[in-house]
Protein chains: 2
Amino acid sequence: MVHRNTNAVRDAALRGAGFRVTPQRQAIIRVLETSDRPLSVEEIISRMKGYRSGVPTVYRNLQQFAEHGWVETLVGPDQIMRFVWCSTSKHHHHVQCEQCGRAVEVEGCALKRALEAMEAKSGFRITRHQLQLFGLCPECKGE
Amino acid sequence: MVHRNTNAVRDAALRGAGFRVTPQRQAIIRVLETSDRPLSVEEIISRMKGYRSGVPTVYRNLQQFAEHGWVETLVGPDQIMRFVWCSTSKHHHHVQCEQCGRAVEVEGCALKRALEAMEAKSGFRITRHQLQLFGLCPECKGE
DNA sequence: ATGTCAAATGGAAATGATTTTCAATAACGA
DNA sequence: TCGTTATTGAAAATCATTTCCATTTGACAT
Ligand SMILES: [Zn+2]
Ligand SMILES: [Zn+2]
Ligand SMILES: [Zn+2]
Ligand SMILES: [Zn+2]
């Protein structure tokens, strides 16, 4: 039974990070894990099945998850925070389709070279970066 | 008289873009052009010499300037909009020092290769990206 | 210079996402 | 089961940004 196993893994991860396992946390994670796009707090709550968390609870948990590298917080030009689940806490980036909104992780980071070039140009030592990619997903580009 | 010339150039640019030349606009631009770092609206207003704009005026103008590629709008984890003046409206990025806050433009974009690699990995056609760089400026890295 | 008028300004009020407060609840180890 | 302590959530607070709208002003024609 795959589902049960997934839940067990998730709960273990929560406990391992010092969290108590609450239905709210489980619901938040479940929604994010099964979403194909970044979600706002409002969207996360409205997508919960069987359990409805309060707004502050969702914000608090998302912030904690972000500190653990489990979610990435994106804030676009509309000033609204949106959250994506990260399958790995290794450095990576996300591409989002400008047509349908779908977002996927791009494993790894191909910026090493480019960053070296920019270090040379600027004289800065670059220690951290944040890259947001936008474009057309396979489905939308074949149209 | 260099100063006067700079002003003339700025005013011409404003008129060329269909703007009226108002002291508020001039003041906003003057502050941003001479800042070594991104500024919030509050900061912009407090740095004005000789003329104090109202808050809505500053927001409105910054938005318009952004549409013309004259400023870039950055919104960090503190959810506050900050604005940088761009010396060119060609595509480029900014590096900011995590120690002292200073920011500089990095001319051009060295991401072509990296983007191709990420297109291959993701299957998306990448049409747009936004890169924020952080690190240590020449002064701070020599500690 | 003066008149005309749409663009621009700014004080005040509204908006609305996010955060804080705090009393009630629930997870979990003993 | 019990006690401790983290977690929750309704309500209120916060506060950056936006909207309203009456007043001012820049640009251009006369
Ligand atoms: Zn798509
Ligand atoms: Zn990267
Ligand atoms: Zn520095
Ligand atoms: Zn670029």
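Just so we're on the same page: letters track the sequence lines, and every chain starts at 1. Computed over heavy atoms, backbone and side chain alike; hydrogens, waters and symmetry mates excluded.
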Length of the line joining B:Tyr59:OH and C:dT15:P, which is rounded to integer Å: 18 Å

Touch class at under 4.0 angstrom, heavy-atom based, for B:Arg52 against every strand present: sugar-phosphate

Whole-Å gap separating P (C:dA17) and CD1 (A:Ile44): 14 Å

B:Lys112 bridged to B:Glu116 by N-O distance under 4.0 Å: yes

Phosphate contact (C:dG10 OP1 or OP2) by B:Gln24 side-chain N/O below 4.0 Å: yes

Between B:Phe19 and B:Phe65, ring centroids under 6.0 Å: yes

Candidate nucleotides D:dT17, D:dG9, C:dT18, ranked by approach to the side chain of B:Ile80 - the nearest: D:dT17

Nearest non-hydrogen partners of A:Lys121 and B:Glu107, listed with the distance: NZ-O, 3.2 Å

Listed nucleotide nearest any side-chain atom of B:Ser53, set D:dT18, C:dA8, C:dG10: C:dG10

Verdict with supporting geometry, A:Glu43 and A:Ser40, side-chain hydrogen bond (donor to acceptor under 3.5 Å, both in side chains): CA-CA 5 Å; A:Glu43 289 165 336; A:Ser40 68; 3.3 Å; yes

B:Phe65 CZ - C:dA8 C1' separation (whole Å): 12 Å

Do any N or O atoms of the protein come closer than 3.5 Å to N or O atoms of nucleotides 22-27 of chain C, and which pairs are they?
unit_1	atom_1	unit_2	atom_2	d
C:dA27	N3	A:Arg20	NH1	3.1

B:Asp11 CG to D:dG26 P, straight-line distance once rounded to whole Å: 12 Å

d(CG, B:Leu62; C1', D:dA16) in whole Å: 14 Å

Check: A:His93 ring centre within less than 6.0 Å of B:His129 ring centre: no

Sub-4.5 Å side-chain heavy-atom contact between A:Arg37 and A:Cys97: no

Touch class at under 4.0 angstrom, heavy-atom based, for A:Glu42 against every strand present: nothing

Residue met sooner reading DNA chain C from 5', once B:Val55 and B:Gln79 are mapped to nucleotides: B:Val55

Distance, rounded to the nearest Å, where B:Asp78 contributes CG and C:dT18 contributes P: 13 Å

Toward the 5' end of DNA chain D, by each residue's nearest nucleotide, B:Tyr51 or B:Pro56: B:Pro56

Atom-to-atom span, CD1 of B:Ile45 to C1' of C:dG11 - whole angstrom: 13 Å

Closest to side chain of B:Phe19, choosing from C:dA8, C:dT19, D:dT17: C:dA8

Spacing of A:Glu43 atom CD relative to C:dA17 atom C1', expressed in whole Å: 13 Å

Heavy-atom pair of closest approach, residues B:Lys141 and A:Gly123: NZ-O, 2.8 Å

